[in-house]
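Predicted, not measured: the structure shown is a model, and the values here were computed from it. Quick note: residue numbers are just sequence positions, from 1.
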Amino acid sequence: MIAAQAKLVYHLNKYYNEKCQARKAAIAKTIREVCKVVSDVLKEVEVQEPRFISSLNELDNRYEGLEVISPTEFEVVLYLNQMGVFNFVDDGSLPGCAVLKLSDGRKRSMSLWVEFITASGYLSARKIRSRFQTLVAQAVDKCSYRDVVKMVADTSEVKLRIRERYVVQITPAFKCTGIWPRSAAHWPLPHIPWPGPNRVAEVKAEGFNLLSKECHTLAGKQSSAESDAWVLQFAEAENRLQLGGCRKKCLSLLKTLRDRHLELPGQPLNNYHMKTLVSYECEKHPRESDWDESCLGDRLNGILLQLISCLQCRRCPHYFLPNLDLFQGKPHSALENAAKQTWRLAREILTNPKSLEKL
């Protein structure tokens with residue numbers, strides 16, 4: 001049994017050193033190329049409207065606020081200033097979303113974002129995004145990369161297509177530090193020893209982001225409060241949780257396997273599903289020794305089996321907001337197909353680790 005485990009770990013490490021590292025290097029090169037264009041567009045936006053200041057800064061070879069959705073798709077979060085005059089309200093009525101309401105006694109005129117406040121005192125995510133979209137469209141026509149970049153039409157999101165190969169979504173957002181949303185108040189679960197009080201304090205201090213983007217849970221509901229709502233995002237908190245042991249290596253393996261074998265019609269699976277399942281696996285295996293290099297094969301198999309189970313049940317709960325289903329809106333046939341493909345992949349890796357050379 002131990003010999004079989006060791007053999008799997010050996011082949012996984014080989015796969016990581018060859019395929020995963022090559023994927024990382026290719027994506028890093030793409031990111032540099034894409035960020036040059038995005039920075040240029042955002043510089044043009046800032047000239048027209050100084051309230052939208054680019055926050056796309058490189059720090060230790062990574063860009064703050066940039067998420068890789070797939071090797072050709074990225075999201076850049078543009079942090080806005082001065083949320084101060086608003087109260088953050090998440091009463092659970094909009095799963096995965098929250099609203100920003102003008103604080104009692106504060107005048108509209110005290111806000112930097114005065115013209116985006118609705119009659120009932122909410123700061124409208126949709127109105128800000130709409131204004132930003134207009135500015136980006138104008139900037140694209142003026143910027144020095146105008147020959148290689150264009151706006152993606154037919155969406156309320158701000159999306160750029162670069163060199164006909166890459167898509168970058170630019171999402172206005174507020175960074176919320178020092179508070180923790182009520183809808184995630186159940187975390188961490190009291191009976192689970194992971195991640196431990198110090199890490200919990202770090203994660204909660206890291207806070208979360210409020211994004212101005214279309215919320216899939218609200219599709220079909222068109223009341224004004226909902227279109228004014230902001231989407232909760234915990235990217236930095238999740239990154240912090242997945243430090244230590246072979247967690248990041250495990251996630252890198254999953255992303256590479258997804259890119260190569262699970263990029264399927266209907267796009268049922270993305271990198272974020274993989275990241276979410278790694279967090280759940282950390283809860284199931286709370287001891288640091290469970291994430292030793294020698295356990296890499298066990299952890300990867302556990303996550304692939306959990307993924308198959310989620311696909312078959314057609315439900316993948318968000319890690320911090322379990323009422324939010326990350327498969328919502330995905331076609332059932334696409335989820336079924338993904339379950340079959342994931343099962344094939346898991347069986348292949350488990351029964352014949354050497355097959356990783358061809359995967």
For this session: Test side chain to side chain contact (heavy atoms under 4.5 Å, CB included) on L251 and Q242 and set out the steps.
Result: CA-CA 9 Å; L251 179 58; Q242 295 183 3; 3.5 Å; yes

For this session: Please test N271 against K275 for side chain to side chain contact (heavy atoms under 4.5 Å, CB included), starting from the C-alpha separation and ending with a verdict.
Result: CA-CA 6 Å; N271 285 342; K275 193 180 187 187; over 6 Å; no

For this session: Would you please test R23 and D259 for salt bridge (charged side-chain N to carboxylate O under 4.0 Å, His left out) and show each step?
Result: CA-CA 9 Å; R23 173 189 180 273; D259 288 355; 2.5 Å; yes

Problem set entry | side chain to side chain contact (heavy atoms under 4.5 Å, CB included) assessment of I303 paired with V278 | CA-CA 7 Å; I303 293 167; V278 171; 3.8 Å; yes

For this session: Please assess L269 against F327 for the test side chain to side chain contact (heavy atoms under 4.5 Å, CB included), listing each intermediate value before the final yes or no.
Result: CA-CA 8 Å; L269 291 175; F327 287 158; 4.0 Å; yes

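Taking the centre of each ring, F174 and Y79 stay at or above the 6.0 Å mark. Remark: aromatic rings of W113 and Y122 are distant, center separation not under 6.0 Å.
Counting only heavy atoms from C-beta outward, the side chains of P317 and D325 never approach each other to under 4.5 Å. Contact annotation: the side chain of C176 approaches that of L210 to within less than 4.5 Å [non-hydrogen atoms, C-beta and beyond]. With contacts defined as side-chain heavy-atom distances shorter than 4.5 Å, the pair I192/L189 qualifies. Side-chain contact check for S183 versus L232: some heavy-atom pair is nearer than 4.5 Å. At least one side-chain heavy atom of N337 sits less than 4.5 Å from a side-chain heavy atom of P265. Side chains of R163 and E33 form a contact here, defined as non-hydrogen atoms less than 4.5 Å apart. With a 4.5 Å cut-off on side-chain heavy atoms, L253 and Y15 count as touching. Side-chain contact between V167 and L160: absent, with no pair of heavy atoms (C-beta onward) separated by less than 4.5 Å.
In summary, R129 and E214 do not engage in a salt bridge, as defined by a charged side-chain N under 4.0 Å from a carboxylate O. Ionic pairing of E263 and R258 is present here: one or more N-O contacts between side-chain nitrogen and carboxylate oxygen are shorter than 4.0 angstrom. Using a 4.0 Å cut-off between a side-chain N of Lys or Arg and a carboxylate O of Asp or Glu, R131 and E115 do not qualify as a salt bridge. Ionic pairing of E157 and K159 is not present here: no N-O contact between side-chain nitrogen and carboxylate oxygen is shorter than 4.0 angstrom. For the pair E206 and R240, the salt-bridge criterion is met [side-chain N within less than 4.0 Å of a carboxylate O]. Between E46 and K43, none of the side-chain N atoms (NZ, or NE/NH1/NH2) sits under 4.0 Å from a carboxylate O, so this pair counts as no salt bridge. E336 has a carboxylate O that lies under 4.0 Å from a charged side-chain N of R314, or vice versa, which qualifies the two as a salt bridge. D141 has no carboxylate O lying under 4.0 Å from a charged side-chain N of R146, or vice versa, which leaves the two without a salt bridge. Note on K354 versus E357: salt bridge recorded, some NZ/NE/NH1/NH2 to OD/OE distance being below 4.0 Å.
There is a side-chain donor-acceptor pair under 3.5 Å between T171 and E75. Counting only N and O atoms by type, the side chains of K284 and Q306 include a donor and acceptor under 3.5 Å apart. Side chains of S279 and E238: no donor on one and acceptor on the other come within 3.5 Å. Counting only N and O atoms by type, the side chains of T118 and D228 include no donor and acceptor under 3.5 Å apart. Judged purely by distance below 3.5 Å, without hydrogens or angles, the side chains of Y319 and E283 pair a donor atom with an acceptor atom.
No path of Ile, Leu, Val, Met, Phe, Trp and Tyr side chains, each step under 4.5 Å between heavy atoms, connects I69 with V76, placing them in separate hydrophobic clusters. One hydrophobic cluster, built from ILVMFWY side chains closer than 4.5 Å, holds both L112 and F132. A single hydrophobic cluster is not seen to contain both I128 and V114; linkage of ILVMFWY side chains at heavy-atom distances under 4.5 Å, directly or through other members, places them apart. Note on V203 and I179: same hydrophobic cluster, where clusters join Ile, Leu, Val, Met, Phe, Trp and Tyr whose side-chain heavy atoms are under 4.5 Å apart, directly or indirectly. Clustering ILVMFWY residues whenever any of their side-chain heavy atoms sit less than 4.5 angstrom apart, transitively, puts I170 in the very cluster that holds F52.
Residues D290 and R299 approach most closely at O-NH1, 2.7 Å, considering heavy atoms. Looking at every heavy atom in both residues, A346 comes nearest to I308 through CB-CD1, 4.3 Å. Contact record, C143 with V41: SG-CG2, 3.9 Å, taken as the closest heavy-atom pair. The two residues P181 and F234 come nearest to each other via the heavy atoms CG-CZ, 3.7 Å. Taking all atoms of both residues into account, the shortest heavy-atom contact from G96 to L324 is CA-CD2, 3.9 Å. Shortest non-hydrogen contact noted between C316 and H273 is SG-CD2, 4.3 Å.
For Y272, the ring pair (Phe, Tyr, Trp, His ring centres under 6.0 Å) partners at least two apart in sequence or on another chain are H318.
S39 OG to L56 CG: the interatomic distance, rounded to the nearest 0.5 Å, is 4.5 Å. Here L307 contributes atom CG and L254 contributes atom CG; the two are 8.5 Å apart, rounded to the nearest 0.5 Å. For the atom pair R62 CZ and L59 CG, the distance stands at 8.0 Å (nearest 0.5 Å). Within the model, atoms CZ of R347 and CG of N301 stand 13.5 Å from one another, a figure rounded to the nearest 0.5 Å. The CG atom of L12 sits 9.5 Å away from the SG atom of C246 when rounded to the nearest 0.5 Å. Atom-to-atom distance recorded for L100:CG and S111:OG is 10.0 Å, nearest 0.5 angstrom.
Judged by distance alone, with hydrogens and angles left aside, the side-chain atoms of W291 form a donor-acceptor pair with the main-chain N or O of H285 at under 3.5 Å. For Q5 (side chain) and L296 (main-chain N/O), no donor-acceptor pair under 3.5 Å exists by modelled atom type. One N or O on the side chain of T30 and one on the backbone of A26 form a donor-acceptor pair closer than 3.5 Å. A side-chain donor-acceptor contact under 3.5 Å links D292 to the backbone of S294. Between the side chain of D40 and the main chain of K36, no donor-acceptor pair closer than 3.5 Å is present.
R315 CZ: more than 12 foreign heavy atoms inside a 6.0 Å radius. Around atom CZ of R287, no more than 12 heavy atoms belonging to other residues, nucleotides or ligands sit under 6.0 Å away. Few gaps surround CZ on F88; more than 12 heavy atoms of other groups in view lie less than 6.0 Å from it.
Sorted by first and then second residue, the pairs that involve residues 242-252 and meet salt bridge (charged side-chain N to carboxylate O under 4.0 Å, His left out), not counting sequence neighbours, are R247-E288, K249-E293.
With E348 as the fixed residue, the side-chain contact (heavy atoms from CB on, under 4.5 Å) test singles out one of N352, L350, L345: N352.
Using the six-membered ring where Trp is involved, W180 and F208 have ring planes that are perpendicular, over 60° apart on the 30 and 60° scheme.
Judged by a 6.0 Å distance limit and a 45° cone about the ring axis, K127 is not positioned over the six-membered ring of F116.
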